[in-house]
Amino acid sequence: MKPPANINAFSASSGMSPPQSSGSMSSKKPGVVYSTRGEFDIREHYVKLLSQDTSKSMPIAAIESLSALCDATQAGTIHELMSAIEDGAAALNASIPNAISLMAGCDLFKRFIIAHAHDDPKDFEAFKQRLQTNGHLFAQRAREAREKVAEVGMGAIHDGMTVFLHGHSRCIMGLLVKASERKTRFKVIVTETRPSLLGLRTAKELRAVGVPVAVVDDNAMGYALTKASIVIIGAEGVFGDGSVLNIMGSHQLALVAKSYNKPVYVASETHKFVDIFPLDQFNMPVEQNIIDFNPPQEIEGANEQVNQYFVDHVPRQLIRGFITEVGLLTPQQVSDKIVAMRFE
């Protein structure tokens, strides 16, 4: 979309509002990118993308949101454009709880911009339009990546297997549905995954395609895991040391699986790889109030997960391998790939 010359017309056509007065700028709204040329609510755009397409992953929604910001901004140089993208990524990360997954998408898009920063485009508006187009291409490739993950992963599912799951993962659903379509006979045990109950969603979708599913309480995972052949978990993000961020409960599941010598695999697209090396559960760019010695008086039990689902860190030593669109990788190969991304 080519921006109009005057800012009022620009605001109406692109979604970027005119600049605010100094008084209103003092109370900035979270998730909004402000500049002397106007403002763009990147958080609202991001949330809208996810609500319109439930199959869309957080990194891809982040990429498309940054693409929309590129289209909306009146930047006239690469430097101004990069500044707007940095501001947009920062605004998104600050306004979305547990933003590791979308951080991966922001980093991927920024690397793309930097790689083309020396193209010296003669028509800068055409260059910005090309970025917008590439944002949609990223989304298309993400869907294709999920299909490739399914192709790679279904080879790990054999007749007579029982697969243990926790939560809900689009990648895992894709590979299990594809394995079912290929007439592989297997069963699934899935935890309820409280309080989100995402395990019930997993059970419903698998039963709809004829897969036998047993749903168990979360606190019965140690009991039920003895009957499983393999554990597969998804990922909110994959870290540079080959560890994983996933829904709460994934760490203890992996620990129990290790004690029973049950292999744990992670199904994830490579666009969820993020160049961060966390030390442990408490040294990640994630905020969650799980251990609270001074809760409100009206709360007797654990803190409620109202605006976000709590997440868990799974160390690499508990993971057998990663099922990705580029093949089956070891944690070390994942780590090497993430480090190599710095030089791409």
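As a basis for the values below, the full set of heavy atoms in this structure was taken, side chains included, without hydrogen atoms, waters or symmetry mates.
- Look at E205 and R201 and you find a salt bridge, because one of the NZ, NE, NH1 or NH2 atoms lies within 4.0 Å of a carboxylate O, short of that distance.
- Checking side-chain atoms of Y260 against main-chain N and O of K227 turns up no donor-acceptor pair under 3.5 Å.
- Minimum interatomic distance between T191 and V215 (heavy atoms only, all atoms of both residues): C-CG1, 4.5 Å.
- Heavy atoms only, all atoms of each residue included: I233 and N246 are closest at CB-ND2, 3.9 Å.
- The closest side-chain heavy-atom distance from F273 to M341 is below 4.5 Å.
- With hydrogens and angles ignored, the 3.5 Å screen pairs no side-chain donor or acceptor of K187 with any backbone N or O of A214.
- The side-chain heavy atoms of F164 and M221, taken from C-beta on, include a pair separated by under 4.5 Å.
- Under the side chain to side chain donor-acceptor pair (under 3.5 Å) criterion, N219 pairs with no residue at all, not counting sequence neighbours.
- Counting heavy atoms from C-beta outward, L245 and M284 have side chains that approach closer than 4.5 Å.
- Side-chain atoms of K56 never come within 3.5 Å of backbone atoms of L49 as a donor-acceptor pair (strictly under, hydrogens ignored).
- Ring geometry for H313 against F239 counts as tilted: the plane angle lies between 30° and 60°, on a 0 to 90° scale.
- Side-chain contact between L176 and V211 is absent, with no heavy-atom pair separated by less than 4.5 Å.
- Remark: side-chain polar atoms of R194 are not paired, donor with acceptor, to backbone N or O of D218 under 3.5 angstrom.
- Residues E151 and R182 are paired through a salt bridge, judged by an N-O separation under 4.0 Å between the basic side chain and the carboxylate.
- Residue pairs that meet the side-chain hydrogen bond (donor to acceptor under 3.5 Å, both in side chains) test with at least one member in residues 266-281, sequence neighbours left out, are S57-H271, R146-E269, H251-Q281, T270-E325, D275-R342, D280-N283, Q281-D312.
- When side chains are defined from C-beta on, L225 counts as touching L253, because their heavy atoms get closer than 4.5 Å.
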Run the numbers on R43 and I96 for side chain to side chain contact (heavy atoms under 4.5 Å, CB included), then give the verdict.
-> CA-CA 8 Å; R43 182 186 187 281; I96 302 295; 3.8 Å; yes
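- Contact record, V326 with L329: CG2-CD1, 4.0 Å, taken as the closest heavy-atom pair.
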